[in-house]
Asks: 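Okay, handing you the structure first.
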Amino acid sequence: MREINLEEYNKSKRERKLKMLKIRDRLRDENSDRSGSKNRSQEKRVLLYKLALKAKKRKFKKISDSEYRLLDNE
């Protein structure tokens with residue numbers, strides 16, 4: 001097995017990391033129409049928030065300021 005010193009190892013590791021970052025950035029530029037929470041439109045964010053609130057109201061009943069009871073919707 002080939003022996004490698006720490007300095008060579010760190011240098012090659014750094015080069016591989018930079019290469020992977022360049023590839024990642026290139027792929028991100030090609031796939032600019034990504035769909036994630038950071039790229040969602042404001043309208044879609046509001047809609048999803050409202051849907052989550054409705055789901056919460058269907059599942060839980062508010063008892064006090066910080067207490068909720070799970071509803072039995074069977």
Asks: Heavy atoms only: give me the nearest K61-L71 pair and the separation to one decimal.
Replies: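 So the minimum-distance heavy-atom pair works out to CB-CD2, 3.6 Å.
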Asks: Would a 4.5 Å heavy-atom cut-off, applied to side chains only, mark E8 and N5 as touching?
Replies: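 Yes, their side chains come closer than 4.5 Å.
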Asks: To the nearest 0.5 Å, what is the distance between OG on S41 and NZ on K44?
Replies: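 One finds 7.0 Å between OG of S41 and NZ of K44.
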Asks: Answer yes or no: does atom CD of E7 have more than 12 heavy-atom neighbours from other residues, nucleotides or ligands under 6.0 Å?
Replies: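 No, the 6.0 Å shell around CD holds no more than 12 heavy atoms from other groups.
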Asks: Hey, what do you get for CZ (R26) to CG (L21), rounding to the nearest 0.5 Å?
Replies: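 One finds 12.0 Å between CZ of R26 and CG of L21.
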Asks: In Å and rounded to the nearest 0.5 Å, what is the CG to NZ distance from L6 to K13?
Replies: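 L6 atom CG to K13 atom NZ measures 9.5 Å (nearest 0.5 Å).
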Asks: About how many Å separate CG of D25 and NZ of K22, when rounded to the nearest 0.5 Å?
Replies: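 Reported value, rounded in 0.5 Å steps: 10.0 Å.
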Asks: With a sphere of 6.0 Å drawn around CZ of R69, does it hold more than 12 non-hydrogen atoms of other residues, nucleotides or ligands?
Replies: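 Atom CZ in R69 is not packed in, count stays at 12 or less.
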